[in-house]
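Single-structure report; data block below.
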Amino acid sequence: MINYSYTNMFLGGAGYIISMYFTIFLTDVVNISLKQAGIVVMIATVWDAVTDPVMGIITDRTRSKYGKHRRYLLWGIPFLLISYSLLWNSFGINGEENPKGAMLYYVLIYMLYKTAYTIISVPHTAMLPELAPEYDLRTQYNSVGYLFNSAGMVPSFGLAVLILALFHSNGTLTSASRTPFIVIGISLAAFYSISVFLTFKTTREPSSLGLKPEKLDIRYIIREYVLVFKNKSFRQYFFMSVAYQFATGFYANSKVYYIKYLANQYNKYAVFNAVAGVAEAAAFPLNYGLTIKYGKKKCGNIVTPLMVAGLAIGIFMQPDKGGSMSVIWVMLMMLSMILYPFGMSGLGFVSNNIFPDITDVDELITGRRREGVISTFKTLIQKSVSGVMAAMVGFTLEEFGLVTGDRVAEYESATGSLFAQSTSAIWGVRICVAIIPIAATLISLILLKKFQMTKADHEMLRAAIAVKRKYGSVALTDEQIKRCEAVSGQKYEKTWLGTGNDSEEKHPLEINENGEYLILTEETAQA
């Protein structure tokens with residue numbers, strides 16, 4: 001679990017620093033507009049979405065003694081090292097002097113980084129169902145991975161804050177803040193590359209040399225993704241996770257403007273993010289305990305309302321102008337930074353834990369293991385939505401009149417007074433950081449309640465698939481067939497599991513004295 005999770009330090013840490021600093025780096029350091037920053041993120045994210053399915057098809061068809069996925073981690077490291085370093089270095093291009101050139105540069109570099117991320121993340125995610133076939137074991141893997149996300153976020157954040165402080169850039173960001181970001185980019189690129197290499201070096205995956213992939217053509221690709229969406233459990237999971245991503249994406253893309261321009265508390269930005277990181281990590285024991293005791297949905301239902309409460313504070317937040325109310329606004333922001341990440345972790349934990357089980361339902365339908373196709377179909381749509389969402393945030397904030405960049409710094413330097421954003425601009429931030437995320441979170445919770453698959457369903461599916469693979473047929477009870485149809489959304493006789501069961505020799509599922517399904521393996525079959 002530890003070996004597999006080393007890569008999570010990259011997956012969690014790199015994205016965390018980008019969510020914290022990249023958009024404000026573009027608008028306040030590079031000096032491109034909010035709309036241009038949104039376009040940069042949108043194009044790169046949509047590119048990421050398009051490349052994910054390609055990578056999924058490649059991994060699912062890879063024949064190697066090292067397995068289908070592992071070697072791509074090694075191949076992705078050079079792309080990661082170069083792209084993440086360049087992501088924070090504009091080579092002096094200024095958005096005010098050359099807006100098109102600055103935007104084009106960052107579109108290309110961000111696309112290169114997203115390609116590196118795809119080469120590493122898709123095989124890493126698709127590897128999990130093979131390494132951890134059992135229901136609870138996957139929860140344990142995801143739990144350790146969740147801790148390693150924090151293990152990547154904390155040092156990344158600490159290093160970024162330290163470097164910015166050394167260059168006196170912690171209080172505010174201007175076009176003079178380029179050098180610390182160059183140092184941050186190079187340092188973190190090396191750190192993340194090492195974490196990915198550790199996973200490649202220390203994990204082991206079953207050989208895929210015996211794999212016999214079908215002929216690859218456009219019809220095959222279309223058929224593969226149509227099959228994914230026929231899976232009812234996938235559809236339920238998919239729409240729930242898209243709503244959740246909508247909530248977190250709008251918040252993440254506008255959070256820095258919320259703190260800097262709505263609340264006027266950017267001098268405490270590092271403190272707020274440290275508190276948020278601790279709050280998210282503190283929720284892990286509760287989420288893990290609820291999952292193990294009550295199943296994978298419970299922590300989402302119990303913890304997520306705190307996320308809504310944290311978001312709601314953004315509706316009432318006012319700019320901190322000092323004076324007697326200053327302490328109150330700071331405390332409210334601090335409370336928001338605790339409630340939101342603590343509550344967000346509930347749905348996030350549910351999403352990560354449910355996803356590997358979807359591959360077993362797909363195998364029930366198709367008779368094949370298609371982790372790469374399933375994971376990348378999800379990310380194709382989600383990342384496309386995320387890219388459009390980033391552009392929506394930029395366009396919304398600019399249309400509502402939010403002013404950013406050196407214009408703010410120059411005004412405050414010349415007048416010695418705080419730059420006052422318009423009432424319209426403040427409401428634009430509120431809409432992006434609170435109102436839309438609250439609505440999306442509530443939709444995600446409603447969809448979570450509709451998700452039907454349970455631990456007992458999963459164990460029954462695994463047992464049935466194992467019997468079918470061993471003997472070519474399986475005999476299920478009426479209740480077991482009913483559950484197969486409930487989670488797959490397909491008539492049982494039209495699925496791979498339900499075909500070819502007309503032989504005279506019946507192979508029912510075995511249950512032990514505790515009522516647990518016995519998962520047939522090569523060893524137990526021989527015994």
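In what follows, every heavy atom counts, from backbone to side chain, and hydrogens, waters and symmetry copies are set aside.
Residues satisfying the salt bridge (Lys or Arg N to Asp or Glu O under 4.0 Å) criterion with Asp360, sequence neighbours excluded, are Arg138, Arg369. Annotation: side chain to side chain contact (heavy atoms under 4.5 Å, CB included) contacts of Leu108 (sequence neighbours excluded): Leu104. Take Phe234 and apply the ring-ring contact (aromatic ring centres under 6.0 Å, His included) test, not counting sequence neighbours, and it matches Phe238, Phe377. Take Ile443 and apply the side chain to side chain contact (heavy atoms under 4.5 Å, CB included) test, not counting sequence neighbours, and it matches Ala243, Leu447. Applying the ring-ring contact (aromatic ring centres under 6.0 Å, His included) rule to Phe246 yields the partners Phe250; only residues at least two apart in sequence or on another chain are considered. Under the side chain to side chain contact (heavy atoms under 4.5 Å, CB included) criterion, Met103 pairs with Gln36, Ile39, Val40, Val107, not counting sequence neighbours.
The side-chain heavy atoms of Thr291 and Lys298, taken from C-beta on, include no pair separated by under 4.5 Å. In this structure, the side chains of Ser195 and Phe148 stay at 4.5 Å or more apart for every pair of heavy atoms. Within the 4.5 Å cutoff, the side chain of Glu363 has no heavy atoms near those of the Arg368 side chain. At least one side-chain heavy atom of Met344 sits under 4.5 Å from a side-chain heavy atom of Tyr244. The shortest side-chain heavy-atom distance between Ile259 and Phe272 falls under the 4.5 Å cut-off.
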Go through the steps for Asn142 and Asn353 under the test side-chain hydrogen bond (donor to acceptor under 3.5 Å, both in side chains), then give the verdict. CA-CA 7 Å; Asn142 278 316; Asn353 280 314; 3.2 Å; yes
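Residue Trp88 holds its CH2 atom at 6.5 Å from CZ of Phe25, rounded to the nearest 0.5 Å.
Checked against the 6.0 Å centroid criterion, the rings of His124 and Tyr4 qualify as a close aromatic pair. A ring-centre distance under 6.0 Å is not found for Tyr237 and Phe451.
Under the 4.0 Å criterion applied to side-chain N and carboxylate O atoms, Glu485 and Lys494 are not assigned as salt-bridge partners.
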